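Data block below; observations after.
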Amino acid sequence: MSDETHRRAPTSVRSPEQSLLFYHREGTKAVPFPPGTEVTAGRTWPADAVVDDASLSRKHARFAWTADGVTVEDLDSTNGTWVNGKRVKTERIGPGDLIRLGDVTVSLHVVPARAVAGIDGNDRFGVLLEEEVRRGRTFSRPLSLLMVRHVRGAHVSQWTPQMTAQLRPVDHVGLYSPDTVSILLPEVGRAQALELARAFAAADAQLRVGVTVFPEDAGSAEELTSVVRSVLAHATDAAHVKSRDEEAQPQSGRALSVYGEKMRAVVDDLQRVAGSQLPVLVTGETGTGKELVARAIHDASPRRAQPMRSINCAAIPATLVEGILFGHEKGAFTSAERTTKGIFEQANKSTVLLDEIGELSLPAQAALLRVLESKKVTRIGGDREIDVDVRLVAATHRDLEAMTEAGQFRLDLLYRLNAVTLSLPPLRERPEEIEPLARELVTEANRQNGRNVSAVDPDVWKLFARYAWPGNVRELRNVIERAVVIARGDVLVAADLPERIRGQAASRESVAPPQLDVSGGDFKERVQKQMARYETDLIVSALQQSAGNQTEAARLLQIPVRTLAHKMQALGIKKKFE
């Protein structure tokens with residue numbers, strides 16, 4: 001989108017204390033608007049304020065600030081200019097009025113433009129969230145993700161300025177939909193995030209807030225987004241703020257959907273082992289549905305009458321892991337004010353899912369192995385062994401065999417875990433499932449959001465088929481959910497999709513693998529050229545599979561991110577994926 005803004009010379013003394021704020025589906029655009037000036041808004045130049053939105057005409061409307069006040073004039077636009085729900089030709093406006101140019105909402109603010117700017121588009125916000133998750137994982141620090149919605153559908157322009165005034169300069173706000181924003185709070189844990197969320201709800205009773213925390217609730221940007229959206233859906237008039245409690249996780253209401261041969265093979269294996277007591281190791285990339293498979297195993301087992309317990313191993317600090325898994329006695333340590341059962345005791349006669357088991361420390365692995373072998377736990381601070389009858393399902397996106405070779409995972413524990421291994425293929429390897437899964441998810445999103453999207457444009461299916469889906473089914477679900485929320489009508493179109501999906505199709509077509517050069521010349525020089533081209537092919541392929549995400553591409557290539565960035569620069573690849 002073009003951020004270019006042109007301005008006529010003011011006819012009076014400039015003041016920085018007024019601004020126009022344009023809210024469009026890619027974010028916001030703040031334009032200074034001092035008294036005595038005019039601003040023409042439209043889709044392209046020669047408009048003064050350019051907002052690249054298809055619902056706008058080239059020159060859509062003119063805002064004028066004169067001695068008589070501020071007016072907006074429609075310039076014979078196709079989709080009209082609206083003030084407080086009424087289509088107008090010329091109308092006086094002021095702070096608090098809701099102005100709409102086509103599908104773009106505009107508000108007048110009597111504060112500096114810099115104070116009302118700063119709401120990122122959904123794509124940009126997603127990039128910031130991924131970067132902060134990566135930093136959080138590297139430096140072992142938390143972050144919180146909030147999602148805030150106005151229950152009566154009031155546009156974000158009417159309530160976010162007051163809310164964002166409470167945020168720090170390092171926090172980020174993203175436009176999720178016309179009545180919903182996401183908020184990224186770096187280095188903020190659950191208690192502080194809940195305090196802020198409650199302050200938002202106390203200031204405006206129509207706001208509902210969902211809170212999720214890395215790493216306790218989720219370990220990736222896609223999962224955090226999915227969890228916070230689910231948590232927000234449970235906010236009510238009686239409880240305006242909701243948070244996901246790791247020790248009392250909401251049960252997933254989704255069943256495992258199967259539309260292709262590869263997943264049918266997984267389900268066949270699942271059904272054969274569900275009735276046994278054997279441990280099961282579920283492997284697969286992030287977002288492939290490992291937790292749904294674990295729940296399907298439990299639901300098909302003789303233990304299904306008891307609730308399954310699950311824990312994200314990446315969220316357990318090394319100093320607390322044994323207490324969380326096996327419990328502690330009152331007084332075992334300073335903050336142990338009461339005796340607490342661990343996950344294994346809570347799941348007696350049931351199933352335990354240890355998600356991301358590859359993140360457990362070596363001491364925690366040794367403690368887990370003892371429990372699996374003896375079927376007994378001893379609480380921290382206690383001396384009594386307690387019998388536990390638990391079916392274990394472990395899940396990971398990591399290569400545990402490679403970790404054993406590197407000394408990062410115990411081989412004897414791996415032997416215990418992988419009595420049965422179920423490997424989930426990534427979504428890009430089962431493209432036949434994308435359309436039926438998407439249709440199912442559209443129906444679900446309609447039901448949850450009160451929408452009525454009844455059809456999908458054929459161009460959407462083409463884009464879905466070309467996209468690599470690095471976040472797999474979870475990413476597909478997040479994309480569908482937001483697309484349904486922001487869709488202009490009852491048909492889902494390409495413009496409702498994130499830029500990363502619309503853009504990758506073009507990059508795949510424009511970045512073609514180079515052909516081998518077998519022409520004459522120095523042999524060593526030719527070898528070097530061909531090696532560079534082969535290296536370029538590998539990197540381009542990895543970037544395409546990861547939708548341009550360099551961290552994911554580096555993981556696929558098994559090289560450091562810095563090395564990848566250097567090679568992209570040296571080989572001239574970087575500019576094609578920026």
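Since the structure is predicted, the reported quantities are computational estimates derived from the model, not experimental observations.
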Please examine the side chains of L98 and S157, heavy atoms only from C-beta on, and report whether any two atoms are closer than 4.5 Å.
yes

Side chain to side chain contact (heavy atoms under 4.5 Å, CB included) between V293 and V393, intermediate numbers included
CA-CA 10 Å; V293 167; V393 179; over 6 Å; no

Under a 3.5 Å distance rule, please check whether T225 uses its side chain to pair with a backbone N or O of A221 as donor and acceptor.
yes

Among K341, R309, Q306, which residue satisfies the side chain to side chain donor-acceptor pair (under 3.5 Å) criterion with Q346?
R309

Can you measure from OG1 (T396) to CG (L354) and round to the nearest 0.5 angstrom?
11.0 Å

Main chain of F464, side chain of W469: is a donor-acceptor contact present, judged purely on distance under 3.5 Å?
yes

Do you know which two heavy atoms are closest between H240 and A235, and how far apart they sit?
O-CB, 3.7 Å

Pairwise distance OH(Y176) to CZ(R229) - rounded to 0.5 angstrom
4.5 Å

Check ion pair D496-R482 (N to O, under 4.0 angstrom):
no

Between F326 and A367 the two heavy atoms that sit nearest each other are CE1-CB, 3.7 Å

Taking all non-hydrogen atoms of both residues into account, name the closest pair between A364 and V321 and its distance.
CB-CG1, 3.6 Å

Please check if the side chain of S310 supplies one atom and the backbone of L353 the other of a donor-acceptor pair under 3.5 Å.
no

Charged N-O contact under 4.0 Å between E285 and R428:
yes

Decide yes or no on salt bridge (Lys or Arg N to Asp or Glu O under 4.0 Å) for R488 and D53, but give the supporting numbers first.
CA-CA 12 Å; R488 292 185 173 98; D53 189 285; 3.2 Å; yes

Find the distance between OG1 (T160) and CZ (F200) and round it off to the nearest 0.5 Å.
10.5 Å

Which heavy atom of H24 sits nearest a heavy atom of V104, and at what distance?
CB-CG2, 4.1 Å

Do the non-hydrogen side-chain atoms of L129 and V133 ever get within less than 4.5 Å of each other?
yes

Are the side chain of N348 and the backbone of V388 linked by a donor-acceptor contact shorter than 3.5 Å?
no

Between L128 and R124, is a side chain to side chain contact (heavy atoms under 4.5 Å, CB included) present by the stated rule, with each step listed?
CA-CA 6 Å; L128 293 169; R124 172 62 179 160; 3.5 Å; yes

Between the side chains of E356 and R137, is the shortest nitrogen-to-carboxylate-oxygen separation below 4.0 Å, so that they form an ion pair?
no

My understanding is that only one of V148, D120, L167 makes a side-chain contact (heavy atoms from CB on, under 4.5 Å) with V173; could you say which?
L167

Min side-chain heavy-atom separation T288-E429 under 4.5 Å:
no

Can you tell me if S423 and T283 form a side-chain donor-acceptor pair at under 3.5 Å?
yes

For a 4.5 angstrom cut-off between non-hydrogen side-chain atoms, does L427 reach E475?
no

In plain terms, say whether R198 and E195 are close enough for a salt bridge, that is, a side-chain N and a carboxylate O under 4.0 Å apart.
no

Quick check against the 3.5 Å criterion: does R451 have a side-chain atom that pairs as donor or acceptor with the backbone of V485?
yes

Donor-acceptor under 3.5 Å (K290 side chain, G284 main chain)
yes

Could R190 and E216 be called an ion pair, given the rule that one side-chain N must be under 4.0 Å from one carboxylate O?
no

Are T351 and V390 side-chain neighbours, meaning at least one heavy-atom pair lies under 4.5 Å?
no

Please evaluate residues S350 and H298 with respect to the criterion side chain to side chain contact (heavy atoms under 4.5 Å, CB included), reporting the C-alpha separation (whole Å), side-chain torsions for both, the decisive distance (0.1 Å), and the verdict.
CA-CA 8 Å; S350 187; H298 173 74; 3.2 Å; yes

How long is the straight-line distance from CG of L184 back to CZ of F125, given to the nearest 0.5 Å?
5.0 Å

Before you tell me yes or no, could you show the steps for L224 and L143 under side chain to side chain contact (heavy atoms under 4.5 Å, CB included), namely the whole-Å CA-CA distance, both residues' side-chain angles and the distance that decides it to 0.1 Å?
CA-CA 10 Å; L224 281 165; L143 68 91; 4.1 Å; yes

Do S19 side-chain atoms and A30 backbone N/O form a donor-acceptor pair below 3.5 Å?
no

State, without any angle test, whether E481 and N449 hold a side-chain donor-acceptor pair at a distance under 3.5 Å.
yes

Working to the nearest 0.5 Å, report the span between CG of N122 and CD of E499.
12.0 Å

Looking at side-chain heavy atoms only, is the closest gap between S257 and L437 below 4.5 Å?
yes

Below 4.0 angstrom, N of the basic side chain to O of the carboxylate: do D217 and K242 qualify?
no

So, for S55 and D103, which heavy atoms are closest and what is the spacing to 0.1 Å?
OG-N, 2.9 Å

Below 4.5 Å, heavy atoms only, C-beta onward: do H155 and S107 meet side chain to side chain?
no

Reference residue R410; test side-chain contact (heavy atoms from CB on, under 4.5 Å); the match among L360, L369, L368, L417:
L369

Compare all side-chain heavy atoms of V181 with those of M163 and state whether any distance is below 4.5 angstrom.
yes

Do you know which two heavy atoms are closest between V231 and S243, and how far apart they sit?
CG1-N, 3.7 Å

Nearest 0.5 Å, please: how far is CG in D171 from CD in Q166?
11.0 Å

Do side-chain atoms of R430 reach the backbone of P425 as a donor and acceptor pair under 3.5 angstrom?
yes

For R168, does the CZ atom sit with more than 12 other heavy atoms under 6.0 Å from it, leaving out its own atoms?
yes

N472 side chain to P426 backbone, donor-acceptor under 3.5 Å:
no

Residues E132 and R141 bridged, charged N to O under 4.0 Å
yes

Just by modelled atom types, is the H150 backbone N or O under 3.5 Å from a matching donor or acceptor in the W159 side chain?
no

